Engineer: 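One structure, pasted below without further comment.
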Amino acid sequence: MSYEIRDINLAASGEHKIDWVRKNCPLLRSLEEDFSKELPFQGIRIALSIHLEAKTAYLCKVLAAGGAEMYITGSNPLSTQDDVAAALVKTGLNVFAWYGSTEEEYNRHITKVLENNCNIIIDDGGDLVNMLHTSMRDRLEYVIGGCEETTTGIIRLAAMAKEDKLEFPMVMVNNADCKHLFDNRYGTGQSVWDGINRTTNLIVAGKIAVVAGYGWCGKGVAMRAKALGARVIVTEIDPIKAIEAVMDGFDVMPMHEAARVGDFFITVTGCAHVITCADMEVMKDGAILCNAGHFDVEIDMAGLRKMCSVSYEQRGNIMGYTLANGRNIYVLGEGRLVNLACGDGHPAEIMDMSFAIQALCARYLVQHGKELNEKLIVVPKEVDNEVAVRKLGFLDKRIDTLTPEQEKYLYSSAI
Ligand code: NAD
Ligand code: SAH
């Protein structure tokens, strides 16, 4: 066993967090039970890079219960929880991650994971895949395939596949219905406001929330902003999404106009420089900015740091910046995913579904990976359905079943 974590003595607190997750993740619990009987991962080494907090830790334990040798790192320098990492090491898993890692440490931890010649890659945003295709190509031969958790990661994989540069099959977990319909929308919707609220301790009602991007995540963030009493402005580049936002009851305008009136700004586009220095210069004194999309590039943090000679830590996870016009604007969690840098990310019941898809897709790859000809793999419909059926059962909800007559009516050309 090997590891590189902050402090093994933090394990007890991490164990309590993981136990709480286990109690609230019935889907993963049922898979843990199945896997420990079937041992689908016996002899398989799994590399995993996902936000290293308690839900991810429980996924790792479920895969380990199925016989996997786990090599684990985080997927963002600010989302690793050191007590959770310690708890995983205490249970015998290999972990390389700590909170606040420098870029050099972050990359070293990814390298340490991949040095173990892993067979299955579970990635969130493409860091493992990227390293395997650049400086660690000698480890490619061990890989059967992998799974990608998030929208931006899949966009990157699609670009690699198009240029014929992707060397092994990757399952697009994010695109499963049981993932993005719930995780991106309801998960991001709730956890973004949880992160903002616990960090700022300010009222949302009566304020103006500007949501950049009206994709699956943006819809959730806007919906929950409205529920908290905010007036919501959406910014978009896609005319269809913009109409959707208007019909959902939100105002739509370019960012530079919204910049003048917003109180809270949340970027969730996967794009870069969605809020520019020119936008920040016209913001109101006290404006609060945060990001929920990939990486820390949606708000031009480098530009902001350069244009402000005065910056200061106002509260934990809140940096204040004084502009040349004398106004102060505030950025949460260094412009990284606010729900994970300033909170615990999505709720357990949401990650239960996302991670059930991950676990079932990992099993699918072990069983079928070598037969796959395509590089970008759609989550098999039976996996999506299995998760939905199990989830509905745990929610104690029942649905109707088509009668033979109805099936004929719907699907036969005879009528
Ligand atoms: P999506 O593709 O459904 O939506 C993105 C939207 O942003 C699109 O409608 C697009 O038109 C719009 N957009 C792109 N560039 C823009 C710009 N410059 N200005 C305004 N709008 C712009 O993607 P999604 O599933 O909503 O994911 C969005 C981002 O959030 C991705 O980076 C994804 O990886 C990340 N994500 C984060 C979490 C989290 O926990 N914080 C959860 C899921 C996904
Ligand atoms: N490395 C990138 C990853 C984007 S993260 C970055 O840090 O910018 C977006 C993913 O985080 C989502 O697809 C979601 O499934 C996942 N996520 C959200 N809450 C989580 C949680 N509590 N635990 C683990 N993953 C979580």
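Note that ligands are numbered from 1 as they come in the structure, with each ligand's atoms numbered from 1 the same way. Hydrogens, waters and symmetry mates are skipped; everything else that's a heavy atom, side chains included, is used. Residues: numbered from 1 along the sequence shown. Owing to the predicted nature of the structure, the values given are computational and were not obtained by experimental measurement.
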Engineer: Check step by step if side-chain contact (heavy atoms from CB on, under 4.5 Å) holds for Val129 and Phe168.
Structural biologist: CA-CA 9 Å; Val129 167; Phe168 49 79; 4.2 Å; yes
Engineer: With nothing but distance in play, are any N or O atoms of Asp183 less than 3.5 Å from an N or O of ligand 2?
Structural biologist: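 Asp183 vs ligand 2: N/O contact under 3.5 Å present.
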Engineer: Any idea which atoms of ligand 2 are less than 4.0 Å away from a heavy-atom of Phe295?
Structural biologist: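 What qualifies from ligand 2 is 6 (C), 8 (O).
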Engineer: Report yes if Asp127 has an N/O atom closer than 3.5 Å to an N/O atom of ligand 2; otherwise report no.
Structural biologist: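 Asp127 vs ligand 2: no N/O contact under 3.5 Å.
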Engineer: Measure the distance from atom 7 (O) of ligand 2 to every protein heavy atom, then report the residue, atom name and distance (to 0.1 Å) of the closest one.
Structural biologist: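 Ranked first by proximity to atom 7 (O) of ligand 2 is Asn76 ND2, 2.7 Å.
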Engineer: Looking only at protein heavy atoms, which one is nearest to atom 43 (C) of ligand 1, and how far off is it?
Structural biologist: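 Among all protein heavy atoms, the one nearest atom 43 (C) of ligand 1 is Cys217 SG, 3.4 Å.
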Engineer: Determine whether Tyr99 and Gln81 make a side-chain contact, defined as any pair of heavy atoms from C-beta on separated by less than 4.5 Å.
Structural biologist: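 Side chain of Tyr99 against side chain of Gln81, heavy atoms only: no contact under 4.5 Å found.
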Engineer: Any donor-acceptor pair under 3.5 Å linking the side chain of Asp352 with the backbone of Leu27?
Structural biologist: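 A pair under 3.5 Å: yes.
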Engineer: Could you find the nearest protein heavy atom to atom 5 (S) of ligand 2 and give me its residue, atom name and distance?
Structural biologist: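 Here the closest protein heavy atom is His51 NE2, 2.9 Å.
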Engineer: Return the residue, atom name and 0.1 Å-rounded distance of the protein heavy atom closest to atom 9 (C) of ligand 2.
Structural biologist: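 For atom 9 (C) of ligand 2, the nearest protein heavy atom is Thr150 OG1, 3.4 Å.
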Engineer: Heavy-atom distances under 4.0 Å decide this one: backbone, side chain, both or neither, for Leu337 against ligand 1?
Structural biologist: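 Side chain only.
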Engineer: Roughly how far, to the nearest 0.5 Å, is CG of Leu289 from CG of Leu304?
Structural biologist: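 Separation between the atoms: 8.0 Å.
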Engineer: Does a side chain donor of either Thr276 or Asp300 reach within less than 3.5 Å of an acceptor in the other side chain?
Structural biologist: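 On atom types as modelled, these side chains do not qualify, holding no pair under 3.5 Å.
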Engineer: Is there side-chain contact between Cys178 and Lys391, with at least one heavy-atom pair below 4.5 Å?
Structural biologist: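 Side chain of Cys178 against side chain of Lys391, heavy atoms only: no contact under 4.5 Å found.
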Engineer: Checking contacts here: is it the side chain or the backbone of Leu337 that comes within 4.0 Å of ligand 2, counting heavy atoms only? Could be both or neither.
Structural biologist: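 Under 4.0 Å from ligand 2, Leu337 contributes side-chain atoms alone.
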Engineer: Looking only at distance, does Asn174 have an N or O less than 3.5 Å from an N or O of ligand 2?
Structural biologist: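 No; every N/O pair is 3.5 Å or more apart.
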Engineer: Considering the heavy atoms of Asp238, write down every atom of ligand 1 situated less than 4.0 Å from one of them.
Structural biologist: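 Per the distance check, 11 (O).
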Engineer: Can you pull out the closest protein heavy atom to atom 18 (N) of ligand 1? Residue, atom name and distance to 0.1 Å, please.
Structural biologist: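 For atom 18 (N) of ligand 1, the nearest protein heavy atom is Cys271 SG, 3.7 Å.
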Engineer: Using a 3.5 Å cut-off on N or O atoms only, is Asn339 in polar contact with ligand 2?
Structural biologist: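 The answer is no, given that Asn339 and ligand 2 share no N or O pair closer than 3.5 Å.
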Engineer: Near Lys55, which atoms of ligand 2 are under 4.0 Å from a heavy atom of that residue?
Structural biologist: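 Checking each atom against Lys55, I get 22 (N).
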Engineer: Enumerate the atoms of ligand 2 whose separation from the nearest heavy atom of His294 is less than 4.0 angstrom.
Structural biologist: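 Every atom of ligand 2 under 4.0 Å from some heavy atom of His294: 2 (C), 3 (C), 4 (C), 8 (O).
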Engineer: So, regarding Tyr106 and ligand 2 (criterion: nitrogen or oxygen to nitrogen or oxygen, under 3.5 Å), is there a contact or not?
Structural biologist: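 Between Tyr106 and ligand 2 (N or O atoms, distance only) the closest approach is not under 3.5 Å.
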Engineer: Which option out of Gly345, Ala54, Pro77, Ser75 puts a heavy atom nearest to atom 1 (N) of ligand 2?
Structural biologist: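 Minimum heavy-atom distance to atom 1 (N) of ligand 2 goes to Ser75.
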Engineer: Considering only heavy atoms, does Lys241 approach ligand 1 within less than 4.0 Å through its side chain, its backbone, both, or neither?
Structural biologist: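 Looking at Lys241 and ligand 1, just side chain atoms fall under 4.0 Å.
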Engineer: For atom 41 (N) of ligand 1, what is the nearest protein heavy atom, given as residue, atom name and distance?
Structural biologist: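 Here the nearest protein heavy atom works out to Ala292 O, 2.8 Å.
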Engineer: Please report which non-hydrogen protein atom sits nearest to atom 34 (O) of ligand 1, along with the residue it belongs to and the distance in Å to one decimal place.
Structural biologist: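 Ranking protein heavy atoms by distance from atom 34 (O) of ligand 1, first comes Thr150 OG1, 2.8 Å.
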Engineer: Would one find more than 12 heavy atoms of other residues, nucleotides or ligands at under 6.0 Å from atom CG of Asp164?
Structural biologist: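 Result for CG/Asp164: open.
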Engineer: Any atoms of ligand 1 less than 4.0 Å from a non-hydrogen atom of Thr188? List them with their elements.
Structural biologist: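 Near Thr188, meaning under 4.0 Å from one of its heavy atoms, ligand 1 has 38 (C), 42 (C).
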Engineer: Between Leu52 and Leu88, is there a side-chain heavy-atom distance shorter than 4.5 Å?
Structural biologist: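 SC-SC contact between Leu88 and Leu52 confirmed.
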Engineer: Using distance alone, decide if ligand 1 has a nitrogen or oxygen within less than 3.5 Å of any nitrogen or oxygen in His294.
Structural biologist: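 Between His294 and ligand 1, an N or O pair is found under 3.5 Å apart.
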Engineer: Numbering the atoms of ligand 2 from 1, which are under 4.0 Å from a heavy atom of Asp344?
Structural biologist: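 What qualifies from ligand 2 is 22 (N).
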Engineer: Just need the protein heavy atom nearest to atom 3 (C) of ligand 2, so name the residue and atom and give the distance.
Structural biologist: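 Here the nearest protein heavy atom works out to Asp124 OD1, 3.4 Å.
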Engineer: Do Asp177 and Lys381 meet the salt-bridge criterion of a basic N to acidic O distance under 4.0 Å?
Structural biologist: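 Answer for the salt bridge query: yes.
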Engineer: Would you tell me whether Thr199 and Asn317 have side-chain atoms, one donor and one acceptor, within less than 3.5 Å of each other?
Structural biologist: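 Thr199 vs Asn317: no donor-acceptor pair found between side chains.
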Engineer: Would you confirm whether Arg45, through its side chain, and Asn117, through its main-chain N or O, come within 3.5 Å as a donor-acceptor pair?
Structural biologist: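 Flag set: sc Arg45 to bb Asn117 pair under 3.5 Å.
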Engineer: Give the atom numbers and elements of ligand 2 that come within less than 4.0 Å of a heavy atom of Glu53.
Structural biologist: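 Listed by number with element, the hits are 21 (C), 22 (N), 23 (N), 24 (C).
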Engineer: Report, in ascending order of atom number, the atoms of ligand 1 lying under 4.0 Å from any heavy atom of Asn339.
Structural biologist: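 Near Asn339, the atoms of ligand 1 are 39 (C), 40 (O), 41 (N).
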Engineer: In terms of residue, atom name and distance, what is the protein heavy atom nearest to atom 24 (P) of ligand 1?
Structural biologist: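 The protein heavy atom lying closest is Thr151 OG1, 3.6 Å.
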Engineer: Salt bridge or not between Asp123 and Arg156? Use side-chain N to carboxylate O under 4.0 Å.
Structural biologist: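 No, this pair does not count.
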Engineer: Are the charged groups of Arg398 and Asp396 less than 4.0 angstrom apart, N to O?
Structural biologist: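 Yes, Arg398 and Asp396 are salt-bridged.
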Engineer: For atom 28 (C) of ligand 1, what's the nearest protein heavy-atom neighbour? Residue, atom name and distance, please.
Structural biologist: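 I find the closest protein heavy atom is Val268 O, 3.6 Å.
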Engineer: Can you list the atoms of ligand 1 that are under 4.0 Å from a heavy atom of His346?
Structural biologist: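 This gives 39 (C), 40 (O), 42 (C) as the contact atoms.
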Engineer: Of the protein's non-hydrogen atoms, which lies at the shortest distance from atom 17 (C) of ligand 1, and what is that distance?
Structural biologist: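 Here the closest protein heavy atom is Ile237 CG2, 3.7 Å.
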Engineer: Indicate yes or no: does an N/O atom of Met351 lie under 3.5 Å from an N/O atom of ligand 2?
Structural biologist: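 Not met; the criterion fails.
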Engineer: Is the count of non-hydrogen atoms from other residues, nucleotides or ligands lying under 6.0 Å from Lys61 atom NZ greater than 12?
Structural biologist: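 No, because the 6.0 Å sphere around NZ of Lys61 holds 12 heavy atoms or fewer from other groups.
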Engineer: With a cut-off of 4.0 Å, which atoms of ligand 2 are near a heavy atom of Ile50?
Structural biologist: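 That gives atoms 24 (C), 25 (N) of ligand 2.
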Engineer: Are any of the heavy atoms in Lys179 under 4.0 Å away from ligand 2?
Structural biologist: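 Under 4.0 Å: yes for Lys179.
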Engineer: Hey, are His109 and Glu4 close enough side-chain-wise for a donor-acceptor pair under 3.5 Å?
Structural biologist: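 Side chains of Glu4 and His109: pair found under 3.5 Å.
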Engineer: For Tyr58 and Asn24, test the side chains for any donor-to-acceptor distance below 3.5 angstrom and give the result as yes or no.
Structural biologist: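 There is no such pair between these side chains.
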Engineer: Test your reading of the model: is there a side-chain donor-acceptor pair from Lys241 to the backbone of Gly213, 3.5 Å cut-off?
Structural biologist: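 Such a contact is absent between Lys241 side chain and Gly213 backbone.
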Engineer: Which residue and non-hydrogen atom of the protein lie closest to atom 8 (C) of ligand 1, and at what distance in Å?
Structural biologist: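 Going atom by atom, the protein heavy atom closest to atom 8 (C) of ligand 1 ends up being Glu236 OE2, 3.5 Å.
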Engineer: Under a 4.0 Å N-O cut-off, is there an ion pair linking Glu167 with Arg137?
Structural biologist: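 Yes, charged N to carboxylate O under 4.0 Å.
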Engineer: Got a salt bridge between Arg29 and Glu33, using NZ or NE/NH1/NH2 to carboxylate O under 4.0 Å?
Structural biologist: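 No salt bridge links Arg29 with Glu33.
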Engineer: If I take atom CG from residue Asn119 and atom CD1 from residue Ile46, how far apart are they, to the nearest 0.5 angstrom?
Structural biologist: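 Spacing of CG (Asn119) from CD1 (Ile46) equals 8.5 Å.
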Engineer: Any N/O of Asn174 closer than 3.5 Å to an N/O of ligand 1?
Structural biologist: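 Asn174 vs ligand 1: no N/O contact under 3.5 Å.
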Engineer: Distance only, no hydrogens: is a donor on one side chain within 3.5 Å (strictly under) of an acceptor on the other, for His51 and Ser79?
Structural biologist: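 The answer is yes; a qualifying pair exists.
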Engineer: For Thr56, take its heavy atoms, then give the atoms of ligand 2 lying under 4.0 Å from any of them.
Structural biologist: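 The list of qualifying atoms is 23 (N), 24 (C).
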Engineer: So which heavy atom in the protein is nearest atom 19 (N) of ligand 2, and how far is it from that ligand atom?
Structural biologist: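 Here the nearest protein heavy atom works out to His346 N, 3.0 Å.
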